[in-house]
Amino acid sequence: MTVRDDVVRDALGWQGTPYHHRGRIKGVGVDCGGLLYEVYNSYCGPFRAFPDYSYDWALHKDKEVYLDFISPYVTEVETVPKGGFTLVKIGRALSHAGIYLGNGDGYIHAGGLNMTGIVKISSAEKFLQRRTVVRHFDLIWNT
């Protein structure tokens with residue numbers, strides 16, 4: 001097992017958790033930022049506290065809140081590796097993320113239409129569909 005395998009295994013453990021804005025509790029509720037925060041924290045954290053953000057922050061502001069928070073822990077890459085993640089632009093900023101499962105298996109992410117739903121796996125095609133701005137990242141690992 002590699003660290004990347006461990007990350008994917010940990011991410012898959014969140015499957016079925018309901019979407020909840022600013023949630024961070026497996027099985028109870030999580031949003032896409034909370035999913036990344038909780039999965040990656042032991043591998044490349046400890047992270048600083050995530051800033052407060054409104055439910056619709058990316059619809060009204062250009063400020064890259066997500067990217068600004070995660071940037072000390074990641075490096076941007078051309079192709080997302082297994083256990084890495086992708087940020088996509090929804091609204092005016094990069095505001096939705098999914099962890100890449102590797103081997104063409106798609107992404108695990110929290111959210112859905114109108115940000116309802118559960119942590120689920122989506123194919124890469126579905127996760128990236130209609131996204132005009134997509135950026136891929138890998139972690140700066142502690143190990």
Side-chain angles (χ1 to χ4, degrees), residues 1-59 61-112 115-143:
M1 284 289 246
T2 68
V3 171
R4 293 183 186 284
D5 294 327
D6 292 342
V7 166
V8 168
R9 184 195 68 239
D10 290 351
L12 290 172
W14 286 80
Q15 216 173 340
T17 297
Y19 177 86
H20 183 77
H21 172 65
R22 297 188 64 205
R24 302 278 187 279
I25 303 171
K26 188 186 295 187
V28 175
V30 71
D31 63 9
C32 67
L35 180 64
L36 265 62
Y37 189 95
E38 294 300 326
V39 170
Y40 292 140
N41 195 46
S42 63
Y43 298 101
C44 59
F47 293 135
R48 64 187 187 271
F50 203 84
D52 190 22
Y53 56 99
S54 68
Y55 181 78
D56 59 354
W57 67 271
L59 299 178
K61 299 183 181 189
D62 295 328
K63 182 166 175 43
E64 293 291 355
V65 174
Y66 215 146
L67 187 57
D68 289 349
F69 173 79
I70 201 74
S71 63
Y73 312 103
V74 301
T75 184
E76 191 163 2
V77 294
E78 189 71 28
T79 305
V80 64
K82 179 178 186 175
F85 70 97
T86 297
L87 284 177
V88 296
K89 186 173 186 176
I90 297 176
R92 296 172 60 176
L94 293 165
S95 56
H96 186 57
I99 297 172
Y100 183 60
L101 301 173
N103 305 318
D105 292 333
Y107 289 85
I108 187 162
H109 61 110
M115 300 316 277
T116 61
I118 60 172
V119 175
K120 63 184 176 187
I121 297 172
S122 294
S123 68
E125 294 78 20
K126 184 167 181 159
F127 182 76
L128 300 172
Q129 73 183 355
R130 298 186 311 272
R131 309 289 194 236
T132 57
V133 178
V134 175
R135 293 174 67 182
H136 304 295
F137 298 90
D138 197 12
L139 287 297
I140 300 170
W141 306 101
N142 283 343
T143 56

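Positions are given from 1, in the same order as the sequence printed here. Keep in mind that this is a model prediction, so the values were computed, not measured. Side-chain atoms are counted along with the backbone in the values below, which use heavy atoms only and exclude waters and symmetry mates.
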Which pair of heavy atoms, one from Ala11 and one from Ile99, lies closest together, and at what distance? CB-CD1, 4.0 Å
Assess the pair His96 and Tyr66: is the distance between their ring centroids shorter than 6.0 Å? no
Checking the side chain of Asp6 only, and the main-chain atoms of Met1 only, is there a donor and an acceptor separated by less than 3.5 Å? no
Rounded to the nearest 0.5 Å, how far does CG of Leu35 lie from CZ of Phe85? 11.0 Å
Would you sort out whether Asp31 and Arg24 count as a side chain to side chain contact (heavy atoms under 4.5 Å, CB included), showing the intermediate values? CA-CA 7 Å; Asp31 63 9; Arg24 302 278 187 279; 3.3 Å; yes
Kindly compute the distance separating CG (Leu101) from OG (Ser123), expressed to the nearest 0.5 Å. 11.0 Å
Parallel, tilted or perpendicular: which describes the rings of Trp141 and Tyr43, with under 30° parallel and over 60° perpendicular? perpendicular
Measure the OH-SG distance between Tyr37 and Cys32 for me, rounded to the nearest 0.5 Å. 15.0 Å
Spatial distance of atom NZ (Lys120) from atom OH (Tyr107) [nearest 0.5 Å]: 15.0 Å
Residues in salt bridge (Lys or Arg N to Asp or Glu O under 4.0 Å) with Asp10, at least two apart? none
Step by step, work out the side chain to side chain contact (heavy atoms under 4.5 Å, CB included) result for Val8 and Lys82. CA-CA 8 Å; Val8 168; Lys82 179 178 186 175; 3.8 Å; yes
Could you give me the CA-CA distance, side-chain angles and deciding distance for Ile70 and Phe137, then say whether side chain to side chain contact (heavy atoms under 4.5 Å, CB included) is met? CA-CA 10 Å; Ile70 201 74; Phe137 298 90; 5.7 Å; no
Would you indicate whether the side-chain heavy atoms of Arg4 and Asp138 approach each other to under 4.5 Å? yes
Considering all heavy atoms of both residues, which atom of Ala93 and which atom of Lys61 are nearest to each other, and what is their separation? CB-O, 4.1 Å
Determine the minimum heavy-atom distance between Thr86 and His136, stating which atoms define it. OG1-ND1, 2.7 Å
Is the shortest side-chain heavy-atom distance between Tyr40 and Val74 below 4.5 Å? no
Any side-chain heavy atom of Pro72 sitting closer than 4.5 Å to one from Arg48? yes
Roughly how far, to the nearest 0.5 Å, is NZ of Lys26 from OG1 of Thr17? 7.5 Å
Could you check whether any side-chain heavy atom of Val30 comes within less than 4.5 Å of a side-chain heavy atom of Trp14, counting everything from C-beta outward? yes
Other residues, nucleotides and ligands only: do more than 12 of their heavy atoms fall within 6.0 Å of CD1 on Ile25? no
If every non-hydrogen atom of Asn103 is compared with every non-hydrogen atom of Tyr100, which pair is closest and at what distance? N-OH, 3.8 Å
Using side chain to side chain contact (heavy atoms under 4.5 Å, CB included), reason through Ile90 and Arg131 one step at a time and then give a plain yes or no. CA-CA 8 Å; Ile90 297 176; Arg131 309 289 194 236; 4.0 Å; yes
I need the minimum non-hydrogen distance between Ile140 and Thr75, along with the two atoms involved. CG1-N, 4.4 Å
State, to 0.1 Å, how close Gly83 and Val7 come at their nearest heavy-atom pair, and which atoms those are. O-CG1, 3.8 Å
